[in-house]
Amino acid sequence: MRRKTISFLCILALLFSNISFAAPFDERDELLRKMDAQAQHYGDLSRRIWEFAEVGYKEKQSSELLKTELRNAGFSIQENVGEIPTAFVASYGSGKPVIGILGEYDALPGLSQEDVPEKKARVAGAPGHGCGHNLFGVASAFAAITVKNYLAEKKMSGTIRFYGSPAEEGGGAKIYMARAGVFNDCDTVLAWHPDDKNGASTGTTLANIAAKFKFYGKAAHAAAAPEKGRSSLDAVMLMTHAVDMLREHVPQETRIHYVITNGGSAPNIVPDFAEIYIYARQPSMAVLDDVWARIVKCAQAGALGTDTRVEMELISSVYNLLPNDALASLYDRNLRRAGGLKYTAEEKSFAETLRKTLPLESALPLGSEAEVQPIDAGLGIGSTDVADVSWIVPTAQFGAATWVPGAPAHSWQSTACSGMSIGRKGMMVAAKTLMLSAVDLLTDPKLVEAARTSFNKRRAGFEYKSRVPASQKPPLTYRDKS
Ligand SMILES: [Zn+2]
Ligand SMILES: [Zn+2]
């Protein structure tokens, strides 16, 4: 009789061979399936934000789209966070733990691009999503909404938040959001970033100070009365000469770069106004403070040597990222569960054509998008205002392969990928990994504790203090031309 029952069960198992009887039913698989069923909807949202392509602090349509989505899903929305019209916090639930997920949605100037594997602007000179923040914002909102549905269904205590964070590209909104105190009661904050590979990280990023130096001189006819003029452009050039020489005498990992955002209007008028926009970066905030003090002296030298006046407008000052070992392990595990992505024949051909336009010496091969890379402990080459959050609350980010292997951030190639199906598939990997990690943290207090222990160990008693003066307002017009 027993044997008969067993063979009956075997027949049933064969009939339903797609159902595994070996592993116990896991509700997370059900959540992942539900997410797959909504891929089209969230993919469309990411495409709309890609088309809006709004630069820092101008992301009106992009933030409205995400707010509407979250509001309709049952989140309550706190608007105008930190006196920033496009910053918001969407919350659902009550009590501990409080899990935050960061979302970004700003585009980059001048990177407009069609979703084709050749350089072709949609609108010449217009902004584009070269950092994939259209995917960043939507994946994070998608994860938050799925977690909210899970909390509601389970009637669990715990809070899930989506942080709508504008102007990551140099505008530093999270610094002002942090100043408004919106991260203070969080237990952990989760984030990700579009990338050309899937992988968690325990690496840091570069601290970054960014400012505009404005020089004021005296206008005069450049031929008829040059002796009456005092050139603000000369001041900028003298400053850049000093900065270029300074570059040789700073620690190896330091990066200094600038653009001249205003150099006068006509050669026959001595410019009475000129402006330079400059960044300095370093893995250590303390070292960067010293380098920055010397850059300020270069600016003063420019003004002194040309008999002009200089004013500094600090745009942003972000820390280096404080890595979190426990959260990196959690991401690594969940990235493997979410899995990499598989290209269709059409996507593979897109990727092959795109890769012909790229230097590939240090790039992973095609096919690596299906894998998850080992946890990377290297120094990130960029900077992010996520770093300021990471010194306040245990925070970590991972990468998802939204871009063809070898495609760098801030390029026409990454812009193209961010607007088509490869970007959207990578976005699904990110949304699933965020969702799984948030559910793990909400259901296992030990994981929240481990993230806190990693945070305390890495922070080693250091108290975060923003480098932005308390009186400074968010630079809402930093993308405007002077
Ligand atoms: Zn970027
Ligand atoms: Zn970015």
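One-based numbering, in listed order, for ligands and for the atoms of each. The first residue of the sequence shown is numbered 1, and numbering continues consecutively from there.
Ring geometry, F88 versus Y105: the interplanar angle falls under 30°, so the pair is classed parallel (tilted spans 30 to 60°).
At least one N/O/S atom of E169, whether from backbone or side chain, sits less than 2.8 Å from the Zn ion (ligand 1).
Seen from the Zn ion (ligand 2), atom NE2 of H133 and atom SG of C131 lie 100° apart in angle, a value rounded to 10°.
Here the NZ atom belonging to K58 is positioned 10.5 Å from the CZ atom belonging to R479, to the nearest 0.5 angstrom. D440 CG to L327 CG: the interatomic distance, rounded to the nearest 0.5 Å, is 11.0 Å.
Other residues, nucleotides and ligands contribute more than 12 heavy atoms inside 6.0 Å of the NE2 atom of H257.
Distances from the Zn ion (ligand 2) to the N/O/S atoms of H193 are shortest for NE2.
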